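Atoms considered below: every heavy atom in the structure, side chains included; atoms not considered: hydrogens, waters and symmetry mates. Counting begins at 1 with the first residue of the sequence. Since the model is a prediction, treat every value here as computed from it, not as a measurement.
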Amino acid sequence: MAGIDLPFVQDNHSRSSENVLRVLHFQKTKPQGKLVRVVRGEVFDAIVDIRKGSSTYGQWIGVTLSEENKSQLWVSPRLAHGFAVLSDTADFEYKCKGYYDPSDEGGLIWNDPDVGVEWPTGIEPI
């Protein structure tokens, strides 16, 4: 299935309001691969390569995920991931290849100038 080595071990669901920006987050020593999608609303999703030594280290991609486009995004382990809600409300679902450990979490500030994610205009991050 799209080169994803199964099985998934955890399903997560988050609900957020317009302009909520979930920081670019990652697990430091217990990385999670995540298959993400939006089942209600719309978000701009960003992924940053934080793998030192990678040919794409420090680069990012961004995509819009929505209930209308039904797109899914694979977030490989050892990448930072965050999103900004573009609709009144968004329900975001994750299928995870590893268990979440809050003591292992790390993050990048959403507007890190070294990364330069170009978030959609008009967002007033909460």
Side-chain angles (χ1 to χ4, degrees):
M1 179 169 84
I4 300 169
D5 183 29
L6 300 175
F8 292 110
V9 299
Q10 182 174 315
D11 289 316
N12 298 337
H13 174 240
S14 70
R15 175 172 287 166
S16 302
S17 301
E18 186 174 18
N19 289 320
V20 166
L21 195 147
R22 301 277 179 159
V23 70
L24 296 158
H25 57 281
F26 54 91
Q27 297 277 263
K28 297 179 221 171
T29 63
K30 302 173 189 170
Q32 293 178 295
K34 298 180 268 191
L35 183 62
V36 301
R37 69 185 183 135
V38 171
V39 296
R40 177 179 173 200
E42 181 177 47
V43 306
F44 176 80
D45 198 292
I47 298 172
V48 180
D49 187 348
I50 58 172
R51 301 169 298 173
K52 291 187 177 170
S54 167
S55 64
T56 56
Y57 177 75
Q59 295 180 25
W60 66 274
I61 62 163
V63 298
T64 299
L65 302 174
S66 72
E67 66 184 299
E68 279 84 28
N69 70 22
K70 297 180 182 9
S71 293
Q72 296 183 61
L73 181 63
W74 171 245
V75 181
S76 294
R78 295 183 175 83
L79 300 182
H81 166 256
F83 63 89
V85 178
L86 305 176
S87 53
D88 289 340
T89 303
D91 285 340
F92 198 93
E93 293 185 344
Y94 303 68
K95 292 192 83 54
C96 302
K97 290 196 34 63
Y99 292 103
Y100 173 70
D101 179 353
S103 68
D104 196 47
E105 189 164 53
L108 303 173
I109 191 164
W110 69 278
N111 60 353
D112 184 320
D114 292 331
V115 176
V117 173
E118 295 176 17
W119 298 97
T121 56
I123 295 223
E124 298 177 26
I126 298 171

Query raised in the report: Applying ring pair (Phe, Tyr, Trp, His ring centres under 6.0 Å), which residue pairs with at least one partner in residues 30-69 are found, sequence neighbours left out?
Result: Phe44-Trp119

Query - Inter-residue atom distance Lys95.NZ - Asn12.CG, 0.5 Å rounding - result: 10.0 Å

Query raised in the report: What pair of heavy atoms forms the shortest contact from Lys97 to Pro7, and how long is it?
Result: NZ-O, 3.9 Å

Query - Partners passing side-chain contact (heavy atoms from CB on, under 4.5 Å) against Glu18 (at least two apart in sequence or in another chain) - result: Asp88

Query raised in the report: What salt bridge (charged side-chain N to carboxylate O under 4.0 Å, His left out) pairs are there with at least one residue in residues 50-64, not counting sequence neighbours?
Result: Asp49-Arg51

Query - Side chains of Val48 and Phe26 in contact at under 4.5 Å (non-hydrogen atoms) - result: no

Query raised in the report: With Arg22, which residues qualify under salt bridge (Lys or Arg N to Asp or Glu O under 4.0 Å), at least two apart?
Result: none

Requested in this report: Would you indicate whether the side-chain heavy atoms of Glu105 and Tyr100 approach each other to under 4.5 Å?
Outcome: yes

Report task. Run through the side-chain heavy atoms of Ile, Leu, Val, Met, Phe, Trp and Tyr, join any pair under 4.5 Å, and report what else lands in Val9's cluster. Result -> Tyr99

Query raised in the report: Going by heavy atoms in the side chains, are Ile123 and Leu86 under 4.5 Å from each other?
Result: yes

**Report entry** Partner set under side-chain contact (heavy atoms from CB on, under 4.5 Å) for Asp104, not counting sequence neighbours
**Finding:** Gln27, Lys28, Thr29, Lys30, Asp101

Report summary line: Sorted by chain and number, sequence neighbours left out, side-chain contact (heavy atoms from CB on, under 4.5 Å) with Ile126 holds for Asn19, Val20

Report task. Mind jotting down which residue pairs meet the salt bridge (charged side-chain N to carboxylate O under 4.0 Å, His left out) criterion with at least one end in residues 108-126? Sequence neighbours excluded, please. Result -> none

Query raised in the report: What residues, two or more places apart in sequence or in another chain, satisfy side chain to side chain donor-acceptor pair (under 3.5 Å) together with Glu93?
Result: Arg37

Query raised in the report: Can you find a heavy atom in the side chain of Trp110 that is under 4.5 Å from one in the side chain of Val117?
Result: no

Query raised in the report: Who are the side-chain contact (heavy atoms from CB on, under 4.5 Å) partners of Glu67, not counting sequence neighbours?
Result: Arg40

Query raised in the report: Going by the side chain to side chain donor-acceptor pair (under 3.5 Å) test, which pairs reach into residues 76-86, not counting sequence neighbours?
Result: Asp45-His81, Trp74-Ser76

